[in-house]
Every structure is written in C-alpha cells, then in structure tokens.
Amino acid sequence: MPELAAEAVLVPDQGLAGARDGELRLDGEQVLLCGPAGAAGSHNCRRQPSIRADTMSAMDRALTVKEDLASRRRYTALHRESFDGGDLVSVCLQQLWFARCSFRGADLRHATLDGCRFKLCDLRGANLSGASLRGVFLAGCDLTGADFRAADLTGARLGQVLTGTPPHGLTNATGIKLDNAILRDLQLDQVIGWPITG
C-alpha cells in the first residue's frame, strides 16, 4: 500500500477521479490515501482510520495561538515567546515550561495551567480569573496587577530565581487581585508585594 507523502495535501470532495499516488482524498467523512491507479484506471485507495476528516480540514488553515499551545506535548519548553494581549480563554495546557515569556495583558480566564512552570515570565495585567493553577510554579515572575480572582492556586509555589543580587529574580505580586481565590497549600518564598489575606 502507498505511504503518505511528506507534502501530501488534502483534496476535498473531488471523489477519486485523477487521484495520484500518495494523495489524500476526502470522500464524505472519510479520509482516503490513494495509491497508483490499477488496471483499467481503477483507483487503489484505502480509508485512513487514524486521520479524521475534521482534523484534515483544520490543517487547511493556520493554527491560532491557543490551538498551538494546547497541542504542545507535556513538558514542552518555550523560551522568549510573546503572548501579550492574546486570547487564551479556557486554554488547557499540559504542564508546559515557560522561560522569559511574556503574557502581558493576556486573557487566560478559566484556563487550565495545572503543573505549568513559569520562570522569569511577565504576567503584568494578565486576566487569570477562574483559572486552574494547581501545582503551578512561578519563579522570578512579574505578576503586577494580574487578576487571580476565583482562581485555584492549590499547591502553587511562588518563589525566586537565583540571579545574583535581590530584588532581581524575585516574584513581584504587587497589586494582584485574589478575591475568592483558593490558596490551599500555597507556598511563598520571598514574594514582593503579596497582599495580606486572611
């Protein structure tokens, strides 16, 4: 049977006429991988059970930032990326590691960021209201003015990065909003501006 060509493209709703070797064809809801034409011009196509038609149609357009982040594998490290002002509402991430990334003013309402690690990241003015941040690690991050209202920070750790002389490398929580946030087992290590909660 044919192998999927590296540059294979989906040819939507054209049936099997003119199918080439290694080409993907969409036949209704099924994706077919076509091989060379057989005797009397019959087409040698087989259904691809591992490829769904809706997945293939999504490949025809560029991924959004939210879709790109959600598709990343567990423990993927991202360095110096900017998500400033991005629409990341309800994004579900798989314990990604962010280093020197910027989320300034990003909309992360109701996002699932459980187990993610943020090192020297800029989250100034980010909206994390209602987000799940269970077991998240924030080291040397700027959280100035971030909104954590009704967020779940169970088991989260906010700390420092050893960069030399303080205050460099300390997490800054000046002006953050924590109304109705869950702070069970929260660990703080030399956090600047943490509000008194009680």
Side-chain angles (χ1 to χ4, degrees), residues 54 58 61-198:
D54 60 337
R61 62 177 173 75
L63 289 176
T64 65
V65 173
K66 186 189 310 188
E67 291 168 335
D68 179 44
L69 280 174
S71 69
R72 301 288 180 118
R73 293 179 183 255
R74 182 172 291 181
Y75 308 126
T76 297
L78 294 114
H79 302 277
R80 296 186 185 276
E81 301 223 15
S82 176
F83 306 99
D84 292 348
D87 176 11
L88 301 172
V89 175
S90 299
V91 70
C92 185
L93 305 184
Q94 298 187 34
Q95 299 179 353
L96 301 182
W97 293 22
F98 297 95
R100 297 186 183 275
C101 292
S102 181
F103 293 87
R104 193 180 311 173
D107 191 350
L108 289 152
R109 288 174 295 145
H110 305 287
T112 302
L113 307 173
D114 299 344
C116 288
R117 298 174 64 92
F118 297 85
K119 179 178 169 186
L120 299 170
C121 291
D122 185 355
L123 288 105
R124 287 180 283 175
N127 187 348
L128 292 136
S129 59
S132 181
L133 297 143
R134 299 171 67 91
V136 76
F137 182 58
L138 294 153
C141 295
D142 191 348
L143 308 175
T144 304
D147 186 350
F148 286 92
R149 290 179 292 182
D152 186 355
L153 289 157
T154 300
R157 295 180 300 156
L158 282 72
Q160 61 178 322
V161 175
L162 299 176
T163 58
T165 312
H168 304 292
L170 299 180
T171 294
N172 186 349
T174 304
I176 66 170
K177 299 173 186 86
L178 290 169
D179 303 332
N180 299 318
I182 300 169
L183 304 175
R184 185 175 33 251
D185 300 325
L186 178 69
Q187 299 174 33
L188 303 173
D189 180 22
Q190 299 187 37
V191 176
I192 299 170
W194 186 259
I196 308 267
T197 57

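Side chains are part of it too, since the values below use all heavy atoms of this structure and drop only hydrogens, waters and symmetry mates. For reference, positions follow the sequence shown, starting with 1.
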Flag side-chain contact, heavy atom, 4.5 Å: [X] against [Y]:
| X | Y | value |
| --- | --- | --- |
| L133 | F148 | yes |
| L113 | S132 | no |
| N172 | L143 | no |
| D152 | D114 | no |
| L88 | L69 | yes |
| L153 | I182 | no |
| R157 | R117 | yes |
| L123 | D142 | no |

Non-neighbouring partners of R100 that pass salt bridge (Lys or Arg N to Asp or Glu O under 4.0 Å), sequence neighbours left out =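 Once residues adjacent in sequence are excluded, R100 has no partner under the salt bridge (Lys or Arg N to Asp or Glu O under 4.0 Å) criterion.
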
remark   = Sorted by chain and residue number, the salt bridge (Lys or Arg N to Asp or Glu O under 4.0 Å) partners of R104 (sequence neighbours excluded) come out as D122

request  = Sort and list the pairs that fulfil ring-ring contact (aromatic ring centres under 6.0 Å, His included) and have at least one residue in residues 105-125, not counting sequence neighbours.
outcome  =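 Output for this query lists F98-F118, F103-F118.
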
Enter the distance from [X]:[atom1] to [Y]:[atom2] here, rounded to the nearest 0.5 Å.
| X | Y | atom1 | atom2 | answer |
| --- | --- | --- | --- | --- |
| R124 | C141 | CZ | SG | 12.0 Å |
| C101 | L120 | SG | CG | 10.5 Å |
| L186 | L178 | CG | CG | 8.5 Å |
| R134 | T112 | CZ | OG1 | 11.0 Å |
| W194 | L158 | CH2 | CG | 5.5 Å |

message = When you measure from the side chain of E81 to the backbone of L78, do you find a donor-acceptor pair of N or O atoms at a distance under 3.5 Å?
response = no

query = Just by distance, do the side chain of T171 and the backbone of G159 share a donor-acceptor pair under 3.5 Å?
reply = yes

[X] versus [Y], closest heavy-atom pair with distance:
| X | Y | result |
| --- | --- | --- |
| K66 | D87 | CE-O, 3.5 Å |
| D68 | S71 | O-OG, 2.8 Å |
| A139 | Q160 | CB-O, 3.9 Å |
| D147 | R149 | OD2-NH2, 2.6 Å |

request  = Inspect the contact between K177 and D179 and indicate whether a charged nitrogen and a carboxylate oxygen are less than 4.0 angstrom apart.
outcome  = no

Worked verdict on I192 versus T174 for side-chain contact (heavy atoms from CB on, under 4.5 Å) = CA-CA 7 Å; I192 299 170; T174 304; 4.2 Å; yes

